[in-house]
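This report refers to the structure that appears directly beneath it.
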There are 2 protein chains.
Amino acid sequence: MRDAEQTRKKILEISADEIHKKGFTATSLSCILARCGISKGALYYHFSNKMELGYAVFEEVYAPAFIALWQPPVESEDPIQGLCDFFSAMSKEMTCDEIVCGCPLNNLCQEMSGVDEGFRIRILAMQQQLNLLIATNLLRVSKQLKPDLDFSQIAYFIVSTFHGSSSLSKSSLNKELFDKVIKELCRYLQQLKR
Amino acid sequence: MRDAEQTRKKILEISADEIHKKGFTATSLSCILARCGISKGALYYHFSNKMELGYAVFEEVYAPAFIALWQPPVESEDPIQGLCDFFSAMSKEMTCDEIVCGCPLNNLCQEMSGVDEGFRIRILAMQQQLNLLIATNLLRVSKQLKPDLDFSQIAYFIVSTFHGSSSLSKSSLNKELFDKVIKELCRYLQQLKR
DNA sequence: CCATTTACAGACCGTGCGGTCGGTATGTAT
DNA sequence: ATACATACCGACCGCACGGTCTGTAAATGG
């Protein structure tokens, strides 16, 4: 055959990129088709409609990438330092465009949570998974941290701040505000230690 | 006349509500017209196009409301306590729907900053104004706070976390996550004191 | 009283969207 | 060789959107 699996992957990757940059609703199938160099028939052979394509992008591209991104820093020996290094590396290494573009999960959360149940439950599951990941690893090193901390609360706090910072950057078109918030976030994180 | 000014205000208020709930792009003029009980001719008599209507909503509804919301807590004698009370009151008094709906400024920032320059500069101006408001008032009481704090950085951090928390709530459809983040935010704020 | 402006009404238009459907070429099993 | 499933093509459809344009009743100035 003409390698259907590769066609499917190409659709997923390009769709992921388009949705990341433009959002789900603003992403047009025509644009995806043009970039893929395929026809509408090809796309609708692999995906039953736009929503299902969106779900597939979330599950097969965003979700794995998201976990692969957060897991290493959080599961390192020192999660506090791991997260600080993780955030700092973003400030340094990511381009201005990448930061302004924001986290796909947060973008979709804002755009689609209130519109489509299918997206909402997937996003919620991802957020809970991330929260559990962070909270359990903070618990793991709780001896090195101050007493009486609510790790789930802290985990949600960290993620909120991180997502809020990239949201903030979207209006300024530069990394400055992002850097500032990340700096303060790292200061906050270090304060959790004894 | 048939009170043109009142018609204009009605359009602005209903548009503000629609845009807040659905976002700018997803808000259809037809829907606004139906809720206002007016015709398309009326709307296009007062506003040259959808964008200009959006700008007017931002400047005449969102911006004043935004300042009126943040100014009192921040300009109180104790801004730290003022902000804590301000956030806590939100957790208690706001309905689940209101929280999930999010802050109009943050919503528009996410949706429109990358799409339209007119929106972007207005949102940026608003964010800078808020940042200045918070930072100067923290500076005002800096004697009561820990030394070597970057107040602008802290101000951006606070707003980021707040906006991030309402973003987080959108996928869970309840106040629980919002409450958690707000609690931790208040804990952080109190830590700023000597 | 009349002319002109104001403040709307509503039919209409072009565009771009997601989605459908009949057709076609390529591979595979018998 | 034949039959059938797979993988894809691209014209077409209905729809909802923002926007335009002509018409008209109410207010206002002379």
Side-chain angles (χ1 to χ4, degrees), chain A residues 1-58 60 107-108 111-112 114-120 122, chain B residues 1-58 60 107-108 111-112 114-119:
Chain A
M1 281 293 164
R2 289 155 272 178
D3 206 346
E5 202 51 40
Q6 194 171 332
T7 303
R8 193 188 135 89
K9 279 198 175 182
K10 190 169 189 180
I11 295 173
L12 281 176
E13 280 169 25
I14 290 183
S15 298
D17 184 58
E18 286 287 314
I19 293 172
H20 186 193
K21 286 175 181 161
K22 302 180 184 173
F24 179 77
T25 308
T27 291
S28 75
L29 298 184
S30 344
C31 188
I32 293 173
L33 302 179
R35 281 190 56 185
C36 285
I38 62 171
S39 72
K40 196 164 269 191
L43 194 150
Y44 273 85
Y45 172 77
H46 290 283
F47 304 96
S48 54
N49 52 43
K50 194 189 179 186
M51 268 307 171
E52 293 299 327
L53 171 60
Y55 297 161
V57 166
F58 188 92
E60 301 177 38
N107 292 355
L108 277 179
E111 183 191 1
M112 300 304 294
V115 179
D116 180 76
E117 271 292 295
F119 266 116
R120 209 201 97 232
R122 284 167 174 83
Chain B
M1 281 293 164
R2 291 155 270 178
D3 206 345
E5 201 51 39
Q6 195 171 332
T7 303
R8 193 187 135 89
K9 279 197 172 184
K10 191 170 188 181
I11 295 173
L12 281 176
E13 280 169 25
I14 290 183
S15 298
D17 184 58
E18 285 287 315
I19 293 172
H20 186 192
K21 286 175 181 161
K22 302 180 184 174
F24 179 78
T25 308
T27 291
S28 75
L29 298 184
S30 344
C31 189
I32 293 173
L33 302 180
R35 281 189 58 186
C36 286
I38 61 172
S39 71
K40 196 165 270 191
L43 195 149
Y44 273 85
Y45 172 77
H46 289 283
F47 304 96
S48 56
N49 52 44
K50 194 190 179 185
M51 263 315 169
E52 293 298 328
L53 171 61
Y55 297 162
V57 166
F58 188 91
E60 300 178 38
N107 292 354
L108 278 179
E111 182 191 1
M112 300 304 294
V115 179
D116 179 75
E117 271 292 295
F119 266 115

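Side-chain atoms are counted along with the backbone in the values below, which use heavy atoms only and exclude waters and symmetry mates.
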Problem set entry | Pairing residues for Asp116(B) by the salt bridge (charged side-chain N to carboxylate O under 4.0 Å, His left out) criterion, not counting sequence neighbours | none

Exercise. Can you check the Lys22(A) NZ to dG18(C) C1' distance for me, whole Å?
Worked result: 15 Å

Problem set entry | Whole-Å gap separating P (dC8(C)) and CG (Leu33(B)) | 13 Å

All N/O contacts under 3.5 Å from nucleotides 19-22 of chain C to the protein, with atom names and distances to one decimal?
residue, atom, partner, partner atom, Å
dG19(C), OP2, Tyr44(A), OH, 2.8
dG19(C), OP2, Lys50(A), N, 2.8
dG19(C), O5', Tyr44(A), OH, 3.4
dG19(C), N7, Lys40(A), NZ, 3.2
dG19(C), O6, Lys40(A), NZ, 3.0

Seminar exercise, completed: Checking dG18(C), dC8(C), dC9(D) against the side chain of Ser39(A) (C-beta onward), the nearest is dC9(D)

For this session: Compare side-chain N and O positions of His46(A) against OP1 and OP2 of dC8(D) and report whether any pair is under 4.0 Å apart.
Result: yes

Problem set entry | Whole-Å distance separating the CZ atom of Arg8(B) from the P atom of dT6(C) | 16 Å

Exercise. Tell me: CG of Leu43(B) to P of dC17(D), nearest whole Å?
Worked result: 14 Å

For this session: Taking only Lys NZ, Arg NE, NH1 and NH2, and the carboxylate oxygens of Asp or Glu, determine whether Glu117(A) and Arg120(A) approach each other closer than 4.0 Å.
Result: yes

For this session: To the nearest Å, give me how far apart CZ (Phe47(B)) and P (dG18(D)) are.
Result: 15 Å

Exercise. Got a sec, which residues hit ring-ring contact (aromatic ring centres under 6.0 Å, His included) with Phe119(B), two or more places apart in sequence or on another chain?
Worked result: Phe24(B), Tyr55(B)

Problem set entry | Phosphate-side-chain proximity, Thr7(B) and dC8(C), N/O vs OP1/OP2 below 4.0 Å | yes

Exercise. For dA16(D), does either OP1 or OP2 sit under 4.0 Å from a side-chain N or O belonging to Ser30(B)?
Worked result: no

Problem set entry | Spacing between Ile38(B) atom CD1 and dT24(D) atom P, to the nearest angstrom | 21 Å

For this session: Consider the side chain of Ala42(B), meaning its heavy atoms from C-beta on, and name the nucleotide among dG18(C), dA7(C), dA9(C) that approaches it most closely.
Result: dA9(C)

Exercise. Under 4.0 Å between a side-chain N/O of Tyr45(A) and OP1 or OP2 of dA7(D), yes or no?
Worked result: yes

Exercise. How many Å lie between CD1 on Ile32(A) and C1' on dC17(C), as a whole number?
Worked result: 13 Å

For this session: Evaluate the side chain to side chain contact (heavy atoms under 4.5 Å, CB included) criterion for residues Arg35(B) and Asp17(B): first the C-alpha distance (whole Å), next the side-chain angles of each, then the deciding distance (0.1 Å), finally the verdict.
Result: CA-CA 11 Å; Arg35(B) 281 189 58 186; Asp17(B) 184 58; 2.8 Å; yes

For this session: Just call it for Thr25(B): base, sugar-phosphate, or nothing, with non-hydrogen atoms closer than 4.0 Å on any strand.
Result: nothing

Exercise. DNA chain C: Ser28(A) or Glu5(B), which has the more 5' nearest nucleotide?
Worked result: Glu5(B)

For this session: Measure the spacing between OH of Tyr45(A) and CD1 of Ile38(A) and express it to the nearest 0.5 Å.
Result: 13.0 Å

